[in-house]
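Just below is one structure, and these are the notes that go with it.
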Amino acid sequence: MGGGEAANFAAYAFAPATIVTPLGGLSVLISAVMSSYLLGERLNLLGKLGCALSVLGSTVLIIHSPEEQEVTTVEEMTSKLKDPGFIVYISLLLICCLVLIFILSPRYGHQNILVFLAICSLLGAFTVSSVKGLGIAVKGLIIGLPVVKHPLPWILIPILIVSVVTQVNYLNKSLDVFNTSLVFPIYYVFFTTVVITTSLILFKEWVSMSPSDGVGAVCAFLIIILGVFMLHAFNNMDISLKSLQQHLHCMAPVSTEPTQNEDEMTLVDNMETEHTGTIPKVFVIYT
């Protein structure tokens, strides 16, 4: 797992976060498929459709992915982090995290699933920004640049450690309290949304996107969300193609046209009598 997360973090150094983060949803797909074969867990029909939607959305996202503004040195990354718009954005996220951790979490954390997951997701902005900066620093170190003397990597390392540890802590708390099939889809949607927003503000990736690419990327992201949701939310339901066919067969309309004997019995049972004086009148209809 450590190797996988290290490779995931390394991907941020070579590709835009708007494409790396949504593609992280493929880990859910791979886990579902491998657990079906290795652990004997059953992947129902909706789970298979969710896997197909995740692959489809990821493909569309790659086609419409934005071109990231090239940042190759630590100095350029420092300039991006000092941008006034990004400073305002990251400050608002920090305030929201502190309010959630110290005020809302003790009161509502064990009642509302969104509290713990909001903390994990908002901290994703700090995690991805730190990883992006450290990735650039490592690339510079490999080619021989004096990045060790620059203060930015030494600032980003403790930020990364604190944000990752806090994320794991509150994610485990949410898993202890709430259903796993709800935690992972909601966390994926929140985390991905925050990371994409952070990347768009930090690297101005939206500047290079055409309207068609923007619409395509948003649609692809929504398709991935739907696929991950279907894979997790209905994993305990026994739904297969065979059971669906049987259910549809049982719902087929059955002829309810009454027979002649049923008509006669109904008419006899519903005979009407009228009393005129003391002599009853009986009306019988034959069919």
Identify the two heavy atoms, one from [X] and one from [Y], that lie closest to each other, and give their separation to 0.1 Å.
X      : Y      : answer
Tyr187 : Gln167 : OH-NE2, 3.4 Å
Ala137 : Val74  : CA-CG2, 4.0 Å
Ile223 : Leu53  : CG2-O, 3.2 Å
Ser130 : Ile159 : OG-CG2, 3.4 Å
Leu100 : Ala118 : CD1-CB, 3.8 Å
Ile87  : Lys82  : CD1-O, 3.4 Å

Side-chain touch [X]/[Y], heavy atoms, less than 4.5 angstrom:
X      : Y      : value
Leu123 : Cys97  : yes
Val162 : Phe126 : no
Val115 : Tyr170 : no
Val147 : Lys139 : no
Ile225 : Thr192 : no
Phe86  : Ser129 : yes
Val183 : Ile113 : yes

To the nearest 0.5 Å, how far apart are [atom1] in [X] and [atom2] in [Y]?
X      : Y      : atom1 : atom2 : result
Ile101 : Leu122 : CD1   : CG    : 9.5 Å
Leu171 : Phe191 : CG    : CZ    : 10.5 Å
Leu117 : Leu175 : CG    : CG    : 8.0 Å
Leu156 : Thr127 : CG    : OG1   : 11.5 Å
His110 : Ser105 : NE2   : OG    : 7.5 Å
Thr197 : Leu93  : OG1   : CG    : 9.0 Å

Would you kindly confirm whether [X] and [Y] end up in one hydrophobic cluster when ILVMFWY residues are joined by side chain heavy atoms under 4.5 Å apart?
X      : Y      : answer
Phe190 : Leu94  : yes
Val138 : Leu160 : no
Ile95  : Ile119 : yes
Ile90  : Ile155 : yes
Val131 : Ile161 : yes

Begin from the C-alpha positions of Leu81 and Met77 and carry the test side-chain contact (heavy atoms from CB on, under 4.5 Å) through to its verdict. CA-CA 6 Å; Leu81 294 173; Met77 186 64 187; 4.1 Å; yes
Just checking, is any N or O donor in the side chain of Asn169 or Thr166 under 3.5 Å from an acceptor N or O on the other one?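 Looking only at side-chain atoms, Thr166 and Asn169 do not form any donor-acceptor pair under 3.5 Å.
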May I ask you to check whether Thr198 and Tyr89 show a side-chain donor-acceptor distance below 3.5 Å?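 A donor-acceptor contact under 3.5 Å links the two side chains.
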Is Ser199 reaching over with its side chain to a backbone N or O of Val195, donor-acceptor style, under 3.5 angstrom?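 Looks like no, no N/O pair under 3.5 Å.
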Ignoring hydrogens and geometry, is there a side-chain-to-backbone donor-acceptor pair from Trp154 to Val148 under 3.5 Å?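 Yes, because the side chain of Trp154 sits within donor-acceptor range (under 3.5 Å) of the backbone of Val148.
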Any chance you could lay out the side-chain contact (heavy atoms from CB on, under 4.5 Å) test for Tyr108 and Leu114, step after step, and finish with the verdict? CA-CA 9 Å; Tyr108 309 107; Leu114 300 180; over 6 Å; no
Taking the six-membered ring of Phe203 (Phe, Tyr or Trp), confirm whether the NZ or CZ of Lys132 is under 6.0 Å from its centre and within 45° of its axis.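 The answer is yes; both the distance and angle limits are met.
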